[in-house]
Amino acid sequence: MEHFEIKRVERDDLQEILDLQYLAYQSEADLFGTQDIPPLKQTIEEVVEEYNNGVVLKIENENKIIGSVRVRCEGGTAYIGKLIVHPQYRRKGLGKSMLNEVEVIFPHCRYELFTSTLSLDNIRLYESVGYTEYKREKVNDKLTFVYLEKK
């Protein structure tokens with residue numbers, strides 16, 4: 001397997017991260033049959049705000065960003081969001097590697113993330129590295145979030 005290095009994002013990387021996010025979330029949009037999901041409507045200004053208020057990691061291959069995750073720590077909990085991997089690089093352990101790196105950067109934390117109940121691949125990934133479901137939140141008739149944590 002190829003070795004990919006995980007690094008902190010530079011501010012100059014944020015547009016590339018957002019472009020990758022739009023690509024990576026197409027599979028989620030397909031699950032719901034709509035492009036009307038928050039990650040596909042996020043603006044560069046919102047990504048900059050996340051960058052300023054937390055840690056954004058990236059994985060590169062040949063100087064292209066192929067994976068990323070955002071984390072902010074508050075009150076002993078690391079909130080993990082927008083774990084994305086380029087569709088061509090999925091199922092190679094990159095998501096797991098980024099989740100492990102979050103634990104290195106934020107040791108002694110409780111880790112929390114959420115996904116849709118329809119996103120079975122995501123749920124399998126999170127459970128495979130020790131996350132367990134602790135609540136569900138119905139957003140509308142089509143969308144229910146499942147919240148997972150790791151202590």
request  = Please tell me if the side chains of Lys64 and Asn61 come closer than 4.5 Å, counting only heavy atoms from C-beta onward.
outcome  = no

query = So do the side chains of Gln35 and Gln26 get within less than 4.5 Å of each other, counting heavy atoms only?
reply = yes

ask   = Are any non-hydrogen side-chain atoms of Leu99 and Leu113 less than 4.5 angstrom apart?
value = yes

Nearest heavy-atom neighbours spanning Arg90 and Ala24 = NH2-O, 2.7 Å

message = With a 6.0 Å cut-off (strictly less than), is the heavy-atom count around NZ of Lys151, excluding the residue itself, greater than 12?
response = no

ask   = Below 4.5 Å, heavy atoms only, C-beta onward: do Lys96 and Ser128 meet side chain to side chain?
value = yes

query = Taking side chain as C-beta onward, heavy atoms only, is Arg8 less than 4.5 Å from Val56?
reply = no

inquiry  = Could you measure the distance from the CD atom of Glu133 to the OG1 atom of Thr117? Nearest 0.5 Å is fine.
reply    = 9.0 Å

key: NZ/NE/NH1/NH2 to OD/OE distance under 4.0 Å, Glu103 and Lys150   = yes

query = Quick one: which of Leu94, Ile66, Leu20, Val69 gives a side-chain contact (heavy atoms from CB on, under 4.5 Å) with Val85?
reply = Leu94

task = Give a yes or no on whether Asp141 atom CG has more than 12 heavy-atom contacts from other residues, nucleotides or ligands under 6.0 Å away.
result = no

task = Decide yes or no for Arg70 and Val55: does some side-chain heavy atom of the first lie under 4.5 Å from some side-chain heavy atom of the second?
result = no

query = Atom CD in Glu101, atom CZ in Phe106: separation rounded to 0.5 Å?
reply = 10.5 Å

inquiry  = So, taking the atom named CG in Leu143 and the one named CD1 in Ile37, what distance separates them when rounded to the nearest 0.5 Å?
reply    = 9.0 Å

key: Derivation of the salt bridge (charged side-chain N to carboxylate O under 4.0 Å, His left out) call for Lys82 and Glu50   = CA-CA 11 Å; Lys82 310 246 177 18; Glu50 289 174 338; 3.5 Å; yes

task = Flag the pair Ile123 / Val146 as yes when at least one side-chain heavy-atom distance between them is below 4.5 Å, and no otherwise.
result = yes

inquiry  = Taking the side chain as everything from C-beta on, heavy atoms only, tell me whether Leu83 gets closer than 4.5 Å to Tyr126.
reply    = yes

ask   = How many angstroms lie between CG in Asp121 and CD in Glu28, if you round to the nearest 0.5 Å?
value = 9.0 Å

